[in-house]
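Working notes for the structure below.
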Amino acid sequence: MFVTFLRFAENRAAASEFMAAHNAWIAQGFADGVFLCVGSLQPAAGGAIVAHGESRDAHDARIAADPFVVQGIVTAETFEFDPKRTVSALDFVKAAA
């Protein structure tokens with residue numbers, strides 16, 4: 001399981017220009033069954049993604065393809081963790097990816 005933080009970078013001003021492509025990239029992550037949750041870092045610091053179900057290499061490649069990453073709007077930092085306890089609705093994340 002991964003948590004990726006997308007923190008605004010030097011090209012932050014270009015975010016509106018690439019927002020549609022970024023949102024399409026997010027939609028694809030959900031359609032692929034990989035993204036579990038996405039949201040904004042507060043206050044206006046970037047975004048965060050919780051993902052599950054793919055290898056670290058595949059996840060890193062997916063993040064690198066984000067138009068915001070490609071355009072230098074954000075920098076990405078990913079943390080991998082192995083969930084041990086969850087609410088019952090999230091029990092599926094305890095299984096190996």
Side-chain angles (χ1 to χ4, degrees):
M1 182 165 210
F2 306 100
V3 175
T4 300
F5 295 100
L6 303 172
R7 298 184 196 279
F8 283 122
E10 288 182 32
N11 201 23
R12 176 184 184 162
S16 62
E17 182 181 346
F18 294 94
M19 186 61 74
H22 175 68
N23 284 333
W25 174 82
I26 289 170
Q28 188 62 56
F30 278 108
D32 292 343
V34 174
F35 290 174
L36 302 178
C37 178
V38 300
S40 298
L41 293 177
Q42 300 301 318
I49 300 165
V50 177
H52 171 73
E54 63 186 357
S55 70
R56 177 61 187 249
D57 287 344
H59 181 75
D60 288 347
R62 181 183 299 275
I63 296 300
D66 176 0
F68 273 18
V69 172
V70 171
Q71 297 300 323
I73 295 164
V74 298
T75 58
E77 184 176 17
T78 297
F79 297 88
E80 184 173 0
F81 70 100
D82 182 14
K84 301 297 184 195
R85 294 177 68 181
T86 65
V87 296
S88 60
L90 293 176
D91 279 347
F92 71 96
V93 301
K94 292 188 284 187

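Counting from 1, the numbers follow the sequence of the chain as shown.
Under the side chain to side chain donor-acceptor pair (under 3.5 Å) criterion, Gln28 pairs with Asp32, sequence neighbours left out. For Phe18, the ring pair (Phe, Tyr, Trp, His ring centres under 6.0 Å) test picks out no residue, with sequence neighbours left out. Thr78 meets the side chain to side chain donor-acceptor pair (under 3.5 Å) test with Thr4; sequence neighbours excluded. Scored by the side chain to side chain donor-acceptor pair (under 3.5 Å) test, Asp60 finds Arg56 as partners (sequence neighbours excluded). Here His22 pairs with Trp25, Phe68 under the ring pair (Phe, Tyr, Trp, His ring centres under 6.0 Å) rule; sequence neighbours left out. The side-chain contact (heavy atoms from CB on, under 4.5 Å) search around Ser40 returns Gln42, not counting sequence neighbours. For Phe5, the side-chain contact (heavy atoms from CB on, under 4.5 Å) partners are Val3, Arg7, Leu41, Ala48, Phe79, not counting sequence neighbours. Applying the salt bridge (Lys or Arg N to Asp or Glu O under 4.0 Å) test to Glu17 and every residue at least two apart in sequence or in another chain returns nothing. Take Asp57 and apply the side chain to side chain donor-acceptor pair (under 3.5 Å) test, not counting sequence neighbours, and it matches no residue.
Contact check for Ile73 versus Phe8: side-chain heavy atoms found under the 4.5 Å cut-off. At least one side-chain heavy atom of Leu36 sits under 4.5 Å from a side-chain heavy atom of Val93. When side chains are defined from C-beta on, Asp82 does not count as touching Met1, because their heavy atoms never get closer than 4.5 Å. With contacts defined as side-chain heavy-atom distances shorter than 4.5 Å, the pair Val69/Thr75 does not qualify. The side-chain heavy atoms of Val34 and His52, taken from C-beta on, include no pair separated by under 4.5 Å.
Of all heavy-atom pairs between Ala51 and Phe35, the closest is CB-CD2, 4.1 Å. Taking each heavy atom of Gly72 and Ala9 in turn, the nearest pair found is O-CB, 3.4 Å. For Ala64 against Val70, the heavy-atom pair with the smallest separation is O-CG2, 3.3 Å.
Hydrophobic cluster membership of Phe2, counting Ile, Leu, Val, Met, Phe, Trp and Tyr whose side-chain heavy atoms lie under 4.5 Å apart directly or via other members: none, as it forms a cluster of its own.
The list of salt bridge (charged side-chain N to carboxylate O under 4.0 Å, His left out) pairs with a residue in residues 34-45, not counting sequence neighbours, is empty.
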| request: Step by step, work out the side chain to side chain contact (heavy atoms under 4.5 Å, CB included) result for Ile49 and Ile63. | output: CA-CA 10 Å; Ile49 300 165; Ile63 296 300; 4.0 Å; yes
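Taken together through direct or relayed side-chain contacts under 4.5 Å among Ile, Leu, Val, Met, Phe, Trp and Tyr, Met19 and Phe30 form part of one hydrophobic cluster.
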